[in-house]
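Report on one structure; see the data block that follows.
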2 protein chains.
Amino acid sequence: MMAAVSANADAPRPAAPPPKLGNAARRSASWTIAHTADDAAERPSGSQSIQRALVLLNLVGVLARDRPDGVSLAELTRVSGRPKASVRRILVALVAEGYVEQDPDTACYRLGLQAGVLGELAGNRADDLGEASTDSLIRIADASTETTFLTVRHGSYAVCTRRQEGPGPIRNYALAVGDRHPLGIGAGSLAILGALSDDDVEDVLASTATTRDHYPGFDDDTLHDLVHRSRHDGYALNDGRVIAGSWALGVAVHDAADRPVAALSVASIAERFDGARRDELAALLHAEARSIHAALTDSQKSRSARGRP
Amino acid sequence: MMAAVSANADAPRPAAPPPKLGNAARRSASWTIAHTADDAAERPSGSQSIQRALVLLNLVGVLARDRPDGVSLAELTRVSGRPKASVRRILVALVAEGYVEQDPDTACYRLGLQAGVLGELAGNRADDLGEASTDSLIRIADASTETTFLTVRHGSYAVCTRRQEGPGPIRNYALAVGDRHPLGIGAGSLAILGALSDDDVEDVLASTATTRDHYPGFDDDTLHDLVHRSRHDGYALNDGRVIAGSWALGVAVHDAADRPVAALSVASIAERFDGARRDELAALLHAEARSIHAALTDSQKSRSARGRP
DNA sequence: CGCAATGGTCCATATTGTGGACTATCGATC
DNA sequence: GATCGATAGTCCACAATATGGACCATTGCG
């Protein structure tokens with residue numbers, strides 16, 4: 001179990017940061033979002049304890065997701081790849097601030113009060129994308145009878161931010177809210193990657209190179225092929241490459257400025273992705289992606305109108 | 001504006017931590033939750049950068065709550081009371097991890113993608129209290145026509161975790177989700193304090209002494225009086241002591257082990273709290289508090305039953 | 001009764017975060 | 001258009017801070 005949980009083992013710690021690897025990236029005026037976590041090697045920007053704490057916080061959330069009792073310290077140390085003492089020190093700090101709580105009996109950790117509060121506060125924020133996509137997700141799940149996902153781009157990575165079960169008999173647990181993978185790994189993630197410019201694709205691949213060591217079968221060449229195929233087909237297909245037998249199909253969602261910021265995808269078993277059905281699903285997803293794009297464009301307009309009265 | 005936003009100015013930075021102030025606290029076997037933030041003085045526990053980052057993260061959330069454009073760096077430095085360079089360094093780290101995002105145009109900060117994800121993940125966690133209280137909050141808001149709050153105890157502090165608008169014409173903005181105040185300040189908060197043992201009350205007061213410097217009119221004597229009165233009345237009344245004209249009435253909610261872990265409260269203007277109505281509201285709140293207590297007791301039972309089959 | 005897990009603690013070390021001082025821009029106001 | 005007072009962002013010498021290996025205490029298993 002515990003399939004491919006966003007394997008956030010920090011960059012290769014022992015050795016030094018090889019100063020090669022052109023620090024391109026950020027060239028594209030895409031966003032102010034930095035390129036998460038594992039670029040750590042090339043970022044001595046003076047706050048690694050915080051960085052580690054935040055990664056660990058996320059880890060606690062993801063690992064404890066389906067475990068009401070929480071995660072053990074041992075497991076957290078194993079998965080995070082940091083020395084136990086460090087992990088514990090950080091956990092103590094997180095507990096002190098209420099972002100994590102520790103079960104007094106089992107000594108296991110899970111997300112705490114403040115995590116929920118933060119979510120409430122984040123919910124209030126004008127989340128156009130989340131807003132605009134809710135209905136689409138439900139419609140897709142109903143129409144396709146498959147589990148449906150919203151995946152959002154974050155730097156060189158993709159985060160699953162929403163998940164809608166379909167009415168069908170097949171449940172897919174390969175992807176859950178909070179999971180983060182390098183762009184290109186997974187259907188939605190690949191759809192986003194394919195929608196980027198060639199330059200951006202190169203930057204992303206360079207950025208995620210070390211992380212992708214944890215994903216066998218996703219070397220640069222393979223990803224180039226996948227991108228190529230996705231562009232040709234008009235949709236991204238994950239044919240069981242991450243988890244055997246778990247297939248998925250995704251298309252990118254573009255924001256008001258026409259940048260691919262997210263993706264819609266549906267997942268199921270291989271048998272449910274024969275040729276005809278693929279086209280059907282792709283059409284469905286494309287329609288909803290366009291609808292979301294339109295909604296984002298509208299809210300963008302009304303926003304700037306309100307901004308300068 | 002920006003009335004009493006949980007004034008989280010860190011402990012007195014310049015001078016040294018006066019090693020007096022008996023480090024009692026934690027004696028009561030209440031919870032593993034530490035006594036947040038401002039006890040910092042007496043906790044050199046080796047992770048202050050993380051502590052500061054988390055406090056700042058919360059600050060961003062609270063300050064940006066009603067401001068879609070976000071908070072400026074200047075404001076954050078002012079409110080947090082830390083040097084600008086530090087605040088910025090932390091913000092950069094938070095942005096890098098996606099917990100905060102920065103508007104490229106205005107350079108202002110607001111909660112980011114990961115904050116929402118964390119909320120989703122926290123939502124999945126068995127939040128018995130939140131679960132059990134939802135209906136109660138709605139019922140109270142409807143019946144009383146006032147704005148209704150759920151306040152949760154966290155160490156020596158109380159955090160507002162939920163808020164339900166009533167159908168009435170009066171809107172109360174004195175308290176919002178995410179606000180944190182020392183126990184005893186505010187109706188719900190005072191209700192919790194009053195439900196504690198005398199020993200615990202003393203510990204809490206000692207713990208929050210420095211924080212309460214920011215809350216004029218809440219010295220130890222006053223709080224002792226308020227606790228006394230609350231116990232006598234059977235409900236806690238905030239008669240406009242925090243914000244003039246803003247009154248509220250609260251009662252404590254006890255968990256399965258009969259510890260006061262939260263409070264229900266309703267807020268409005270002074271005129272709507274005459275003698276008769278107070279009793280009415282108190283009865284209403286008490287009924288719902290008992291109902292929540294019962295629900296918590298039940299889910300506790302079924303949990304332990306499931307635990308040992 | 002070891003053995004191999006677990007959670008938790010200590011403390012010398014130097015890496016890490018710190019924050020005062022500096023610069024760069026922007027938009028009023030004179 | 002020069003001056004002032006905001007703002008965001010950058011730099012870097014210094015030491016306080018986080019680090020993590022080694023250690024101890026319990027627990028559960030064979």
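In the text below, chain A, chain B and the rest are named by the order of the sequence lines, each starting its count at 1. As a basis for the values below, the full set of heavy atoms in this structure was taken, side chains included, without hydrogen atoms, waters or symmetry mates.
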Worksheet item: Rounded to whole angstrom units, what separation is found between the CZ atom of A/R78 and the C1' atom of C/dA4?
Response: 13 Å
Worksheet, complete the sentence: Output for pair (B/E202 CD, B/S207 OG), nearest 0.5 Å, gives 12.0 Å
Discussion item. With a 3.5 Å distance limit and no angle check, can you tell me whether A/D255 reaches the backbone of A/R259 through a side-chain donor-acceptor pair?
Written reply: yes
Response to the item:
Atom CG of B/L76 and atom C1' of D/dG9 are separated, to the nearest Å, by 15 Å
Worksheet item: Nearest to the side chain of A/Q102, which nucleotide is it out of C/dG8, D/dG9, D/dG20?
Response: C/dG8
Discussion item. Which nucleotide wins on minimum distance to the side chain of B/A74, given the candidates C/dT18, D/dT7, D/dG9?
Written reply: D/dT7
Fill in: Separation of D/dA8 P from B/R89 CZ (nearest whole Å)
17 Å
Item to complete: For B/S49, report the nucleic acid contact type (base, sugar-phosphate, nothing); a contact means any heavy atom under 4.0 Å.
Response: sugar-phosphate
Discussion item. Let's see if you can work this out: which of D/dG9, C/dG17, C/dG7 has an atom nearest to the side-chain heavy atoms of B/A107?
Written reply: D/dG9
Worksheet item: Hey, does the side-chain of A/K84 have a donor or acceptor N/O within less than 3.5 Å of a partner on the base of C/dG7?
Response: yes
Worksheet, complete the sentence: Out of C/dG7, C/dG19, D/dG20, minimum distance to the side chain of A/L73 belongs to C/dG7
Discussion item. Could you work out how much the helix from C/dC1-D/dG30 to C/dC30-D/dG1 bends, comparing the axis of its first five pairs with that of its last five, to 10°?
Written reply: 30°
Worksheet entry | Atom-pair distance (CG on B/D105; P on D/dA8), nearest Å | 14 Å
Worksheet entry | Nucleotide nearest B/A85 when distance is taken to its side chain, options C/dG8, C/dG19, D/dT19 | C/dG19
Practice prompt. Round to the nearest Å and state the distance from B/I50 atom CD1 to C/dT18 atom C1'.
Written response: 15 Å
Worksheet item: Between A/R67 and A/E75, is there a salt bridge with N-O shorter than 4.0 Å?
Response: yes
Worksheet item: So, the side chain of B/Y99 versus the backbone of A/L54: is there a donor-acceptor pair under 3.5 Å, distance only?
Response: yes
Fill in: A/L56 side, atom CG; A/R89 side, atom CZ - distance, nearest 0.5 Å
11.0 Å
Worksheet item: Rounded to whole angstroms, how far apart are CG on B/D103 and P on D/dA8?
Response: 12 Å
Worksheet item: CD of B/Q48 versus P of D/dA16: gap in Å, rounded?
Response: 11 Å
Worksheet item: Could you state the CG-C1' distance from A/L91 to D/dA18, rounded to the nearest angstrom?
Response: 15 Å
Worksheet item: Does the pair A/R110/A/D69 count as a salt bridge with the N-to-O cut at 4.0 Å?
Response: no
Item to complete: Go through C/dG19, D/dG20, D/dG9 for me and flag the one nearest to the B/R88 side chain.
Response: D/dG9
